[in-house]
Amino acid sequence: QTVVTQEPSLTVSPGGTVTLTCASNTGAVTSSYYPNWFQQKPGQAPRALIYSTNKKHSWTPARFSGSLLGGKAALTLSGVQPEDEAEYYCLLYDGDAQVFGGGTKLTVL
Amino acid sequence: EVQLVESGGGLVKPGGSLRLSCAASGFTFSNYNMNWVRQAPGKGLEWVSSISSGSSYIYYADLVKGRFTISRDNAENSLYLQMNSLRAEDTAVYYCAKLGGSGRNVDYWGQGILVTVSS
């Protein structure tokens, strides 16, 4: 049973940079897991940000980027804006199954 | 504009059944794989089930296998989730989600529908 782990919470100052990570208990996360990242604000449906590790959707702001870092998938926000305060979820494809991480609550303070 | 609109949620007793529907528009529904994802109150996202564009490939999370059935009607641009033997822990907002062309990315989400399992 794959378990995907994210930082429960992170705090960043406006204009700063922050990196969220996504780890698997089965080993290193690689591009074969096709990491996806989503943003969810209270009372709203999730919104897709990144897929296949580092590909952006047409609506994804340029300040969001995805990568692999030290055996984990990573989402980096550069030049954080107040509206980036939200919950962020990663998703890994594990064979035929899909596994979400527990989410990272990002506070912009 | 891609739109996914869920319906069919509500209050059901433990052991009961419910059928969720998702009406899709703004894209060629028959070309894309689809997901159901749920979120219990105050909790994170949980993948429930996936179905390929032509219904040939269907997958379920272990927690719902044998109780839930995903299906689709490409002529009606609709996705379904038949939920049987419902338990209190199935209480959640259920989202319909479209997968992208690679089949390995979720790009659009519905607004979600609440299912409450309680006596």
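The chains referred to below are lettered A, B, ... by the order of the sequence lines, with proteins before strands, and numbering in each begins at 1. What you see below is based on every heavy atom in this structure, not just the backbone, and it leaves out hydrogens, waters and symmetry mates.
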**Report entry** Region of A/Ile50 that comes under 4.5 Å of a non-hydrogen atom in chain B
**Finding:** neither

**Report entry** Shared hydrophobic cluster, B/Val115 / B/Val93 (ILVMFWY, side-chain heavy atoms < 4.5 Å)
**Finding:** no

Report task. Ignoring hydrogens and angles, tell me if any N or O in the side chain of A/Asn36 forms a donor-acceptor pair with the backbone of B/Arg104 under 3.5 Å. Result -> yes

Report summary line: To the nearest 0.5 Å, atom CH2 of B/Trp47 lies from atom CG of A/Asp94 at 9.5 Å

Query raised in the report: Can you tell me how far CG of B/Asn35 sits from CD of A/Gln98, rounded to the nearest 0.5 angstrom?
Result: 4.0 Å

Query raised in the report: In terms of heavy-atom contacts, does NZ of A/Lys41 have more than 12 from other residues, nucleotides or ligands at under 6.0 Å?
Result: yes

Report summary line: When the 4.5 angstrom heavy-atom criterion is applied to A/Phe38 and chain B, the contacting part is side chain

Report task. List the steps, then state whether side-chain contact (heavy atoms from CB on, under 4.5 Å) holds for B/Leu99 with A/Tyr51. Result -> CA-CA 11 Å; B/Leu99 274 66; A/Tyr51 65 99; over 6 Å; no

Query raised in the report: Does any heavy atom of chain A fall under 4.5 Å from the side chain of B/Val48, the backbone, both, or neither of them?
Result: neither

Report summary line: Between B/Val37 and A/Phe100, the two heavy atoms sitting closest are CG1-CE1, 3.8 Å

Query raised in the report: Considering only heavy atoms from C-beta outward, does the side chain of A/Gln40 approach that of B/Gln39 to under 4.5 Å?
Result: yes

Report summary line: Residues B/Asp107 and A/Ala48: closest non-hydrogen pair is O-CB, 3.7 Å

Query - Transitive ILVMFWY side-chain link A/Tyr89 to A/Val18, under 4.5 Å - result: no

Query raised in the report: Do A/Asp96 and B/Tyr57 have side chains that get closer than 4.5 Å, going by heavy atoms?
Result: no

Report task. Indicate yes or no: at least one non-hydrogen side-chain atom of A/Lys55 is less than 4.5 angstrom from one of B/Asn105. Result -> no

Query raised in the report: Would A/Leu20 and A/Val80 show up in the same hydrophobic cluster when neighbours are defined by side-chain heavy atoms closer than 4.5 Å?
Result: yes

Requested in this report: Find out if a path of hydrophobic residues (ILVMFWY) with successive side-chain heavy-atom gaps under 4.5 Å connects B/Tyr32 to B/Leu4.
Outcome: yes

Requested in this report: Spell out, yes or no, whether A/Leu49 and A/Val4 are grouped together once hydrophobic residues are joined by side-chain heavy atoms under 4.5 Å, including indirect joins.
Outcome: no

Report task. Below 4.5 Å from any heavy atom of chain A, which atoms of B/Tyr108 appear? Answer side chain, backbone, both or neither. Result -> side chain

Query raised in the report: Which atom pair, heavy atoms only, marks the closest approach of B/Gly110 to A/Ala45?
Result: O-CB, 3.2 Å

Requested in this report: Count the heavy atoms of every other residue, nucleotide or ligand shown that sit under 6.0 Å from NZ of B/Lys13, and state whether that count exceeds 12.
Outcome: no

Query raised in the report: Out of A/Tyr33, A/Trp59, A/Tyr34, A/Tyr93, which one racks up the most heavy-atom pairs below 4.5 Å with chain B?
Result: A/Tyr93

**Report entry** Toward chain B, the part of A/Gln1 with a non-hydrogen atom under 4.5 Å
**Finding:** side chain

Query - Residue selection (most heavy-atom pairs with chain B, distance under 4.5 Å) from A/Pro35, A/Gly102, A/Gly101, A/Pro46 - result: A/Pro46

